[in-house]
Enquirer: 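Let me begin by handing over the structure; questions about it come next.
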Amino acid sequence: MEILKKDAKDFLKQLIETPSLSREEKITALIIEKYLSEKNIPFQRKGNNIWAKNLYFDNSLPTILLNSHHDTVKPNSAYTLDPFKAVEKDGKIFGLGSNDAGASLVSLWAVFTHFYDQKLKYNLIYAATAEEEISGENGVKSILEDLGKIDFAIVGEPTKMDLAIAEKGLVVLNCVAKGTASHAAHINNDNSIYKAVRDIQRIQNSSFDKVSDVLGKVKATVTIVNAGSQHNVVPDQCHFTVDVRTNEHYSNSEIVEIFRNELESEIQPRSLALNSSSINLDHPFVLAAKKENCELYGSPTVSDQALMPFNSVKIGPGDSTRSHTADEFIYEKELNEGIEKYIKILSHIL
């Protein structure tokens, strides 16, 4: 176990020091290949996605997917440390992707390696995937058919090793309020900006009847507004963007139709794929996690769970509030405890 922990730490530091922005994960994919090869574990690759099956994989058994991502967002301008240098200080490992989601990726690698050559009640597949940060077409979605039948997935994301039993979905709405262009000095009762303002107020006051016990209410937030080019011209269009976080009671397509019925503006969803997800509280993994004192909660953030058409949970070392922040870090203690807790939970069912 201690050797695995040391290897996982070294693995994480190499990932941090190798830029892997979404769609640019080629080199970190090679590092993942190297760490599987060093444990004599065969793997497959498609694009920048790497996956491996346990030694005694048996098609007659149910299969658990251990998944996390190796792409990162771009470092923001507030970094005081080199985002691509793994700096160890005060029990922390600093660097871009250390918390989101490098620590989960290497912890699940350690867990897969630990169980790799054991006879188990379930098959295990370890998948290190790309383009999670942009919900890209060439990420986990692109390999689901290659993986075969999956009965359950553990998605590694920073949750303080508590268990997200539900996750909000996401639908982004591109909206355009249309009016009539004119000189600002003249009366115009068809001002696109005023139309957009009325719709934005409707969104601000919107309320959805179905409230989730775990995820709470659907939350709609206007995040971008853009109109006009000069002070004396009334624009014929005002564009705005709405970020909608959905619960399990509404599909994304239902949300779109509700807003189309309520707003004057034209609405075009960017995608309907990122729906909310949840799992029954009597699922064996949930019961096992409770035995290991995991707190259960609903997550407001979206992950690759949204692309998985099977039961899944989200759990991993680190803290989601550190994700995408300057001088991102993971405590080395969190990394080690994450490996231990994953193994303890899985040992109850494997």
Side-chain angles (χ1 to χ4, degrees), residues 20-22 65-76 96-105 107-108 127-136 139-141 153-173 208 211-224 241-252 255 269-279 286 289 294-326 328-330 334 338:
S20 56
L21 307 181
S22 298
L65 174 65
L66 309 178
N67 167 249
S68 191
H69 64 94
H70 59 109
D71 65 314
T72 71
V73 296
K74 295 178 180 179
N76 64 61
L96 182 65
S98 55
N99 181 76
D100 182 18
S104 293
L105 186 97
S107 295
L108 287 172
T129 50
E131 297 190 10
E132 188 272 347
E133 295 291 1
I134 57 171
S135 302
V140 69
K141 182 180 178 180
I154 298 169
V155 177
E157 291 281 350
T159 70
K160 301 180 182 178
M161 289 308 292
D162 288 328
L163 189 68
I165 56 170
E167 178 182 84
K168 279 196 169 181
L170 169 64
V171 59
V172 179
L173 307 178
F208 295 83
V211 179
S212 168
D213 292 337
V214 179
L215 295 173
K217 298 179 179 180
V218 171
K219 184 178 183 294
T221 307
V222 177
T223 54
I224 301 172
T241 302
V242 189
D243 176 298
V244 188
R245 304 289 166 153
T246 60
N247 62 31
E248 73 274 22
H249 297 307
Y250 297 91
S251 69
N252 286 349
I255 293 294
R270 293 184 183 176
S271 170
L272 297 176
L274 303 177
N275 285 290
S276 177
S277 61
S278 62
I279 193 169
V286 177
C294 290
E295 296 290 333
L296 309 185
Y297 75 104
S299 173
T301 58
V302 177
S303 71
D304 275 339
Q305 270 189 281
L307 302 173
M308 297 179 179
F310 38 78
N311 278 328
S312 62
V313 295
K314 185 163 64 179
I315 180 173
D319 186 337
S320 180
T321 61
R322 293 185 215 136
S323 300
H324 306 179
T325 62
E328 180 183 345
F329 69 89
I330 186 82
E334 290 176 321

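What you see is a predicted model, and the numbers here were worked out from it, not measured in a lab. In this chain, numbering begins with 1 at the start of the sequence shown.
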Enquirer: List for me each residue that meets side chain to side chain donor-acceptor pair (under 3.5 Å) alongside D162, sequence neighbours excluded, and say none if there are none.
Expert: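 So D162 forms no side chain to side chain donor-acceptor pair (under 3.5 Å) with any residue.
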Enquirer: Testing the basics here: between S278 and N311, what is the closest heavy-atom pair and its distance to 0.1 Å?
Expert: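 Closest heavy-atom pair between S278 and N311: O-OD1, 4.3 Å.
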Enquirer: By side chain to side chain contact (heavy atoms under 4.5 Å, CB included), which residues pair with T246, not counting sequence neighbours?
Expert: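 By the side chain to side chain contact (heavy atoms under 4.5 Å, CB included) rule, T246 matches V171, V244, N252, I255, S276.
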Enquirer: Only pairs at least two apart or in different chains count here, so list each salt bridge (charged side-chain N to carboxylate O under 4.0 Å, His left out) that has a residue in residues 295-311.
Expert: none
Enquirer: Output the distance between atom CG (L307) and atom OG (S312), rounded to the nearest 0.5 Å.
Expert: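 L307 atom CG to S312 atom OG measures 10.0 Å (nearest 0.5 Å).
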Enquirer: List the atom of D71, the atom of S22, and the distance in Å for their closest heavy-atom pair.
Expert: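 The answer is OD2-OG, 2.6 Å.
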Enquirer: So do the side chains of V155 and E167 get within less than 4.5 Å of each other, counting heavy atoms only?
Expert: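 The answer is no; the side chains never approach within 4.5 Å.
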Enquirer: Kindly write out the residues that satisfy salt bridge (Lys or Arg N to Asp or Glu O under 4.0 Å) with K168, not counting sequence neighbours, or none if the list is empty.
Expert: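 Expected list: none.
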Enquirer: Just do the side chain to side chain contact (heavy atoms under 4.5 Å, CB included) check on E133 and H324 with the steps written out, would you?
Expert: CA-CA 10 Å; E133 295 291 1; H324 306 179; 3.2 Å; yes
Enquirer: Looking at OG of S68 and CD1 of I315, how far apart are the two atoms once the value is rounded to the nearest 0.5 Å?
Expert: 12.5 Å
Enquirer: Kindly write out the residues that satisfy salt bridge (Lys or Arg N to Asp or Glu O under 4.0 Å) with R270, not counting sequence neighbours, or none if the list is empty.
Expert: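 None.
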Enquirer: Check whether any side-chain heavy atom of S271 lies under 4.5 Å from a side-chain heavy atom of S135, and answer yes or no.
Expert: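 With C-beta onward as the side chain, the pair stays apart.
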Enquirer: With sequence neighbours excluded, tell me which residues meet side chain to side chain contact (heavy atoms under 4.5 Å, CB included) with T221.
Expert: K219, T223
Enquirer: Taking atom OG of S251 and atom CG of L272, what is their separation to the nearest 0.5 Å?
Expert: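 Here the interatomic distance stands at 8.0 Å.
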Enquirer: Atom CD of Q305 and atom CD of E132: how far apart are they, to the nearest 0.5 Å?
Expert: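 It comes to 10.5 Å.
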Enquirer: With sequence neighbours left out, write down each residue that passes side chain to side chain donor-acceptor pair (under 3.5 Å) with S299, or none if nothing qualifies.
Expert: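 For S299 the side chain to side chain donor-acceptor pair (under 3.5 Å) partners, ignoring immediate neighbours, are T301, K314.
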Enquirer: With the side chain counted from C-beta on, respond yes when P317 and S104 share a heavy-atom pair under 4.5 Å apart, and no when they do not.
Expert: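 Yes, side chains in contact.
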Enquirer: If the condition is side chain to side chain contact (heavy atoms under 4.5 Å, CB included), which residues does A128 pass it with, not counting sequence neighbours?
Expert: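 Result, side chain to side chain contact (heavy atoms under 4.5 Å, CB included) vs A128: I32, H70, L105, Y126.
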Enquirer: Ignoring hydrogens and geometry beyond distance, is a side-chain donor-acceptor pair present between N247 and H249 at under 3.5 Å?
Expert: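 No.
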Enquirer: Can you list the residues that meet the ring pair (Phe, Tyr, Trp, His ring centres under 6.0 Å) rule with F208, with sequence neighbours excluded?
Expert: Y250, F259
Enquirer: Testing the basics here: between L21 and V73, what is the closest heavy-atom pair and its distance to 0.1 Å?
Expert: CD2-O, 3.3 Å
Enquirer: Test of understanding: with side chain to side chain contact (heavy atoms under 4.5 Å, CB included), list the residues that count as partners of T321, not counting sequence neighbours.
Expert: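 Counting only residues at least two positions away or on another chain, T321 forms a side chain to side chain contact (heavy atoms under 4.5 Å, CB included) with D319.
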Enquirer: Could you pull out all residues at least two apart from E328 that satisfy salt bridge (Lys or Arg N to Asp or Glu O under 4.0 Å)?
Expert: none
Enquirer: Partners of E157 by salt bridge (Lys or Arg N to Asp or Glu O under 4.0 Å), sequence neighbours excluded?
Expert: none
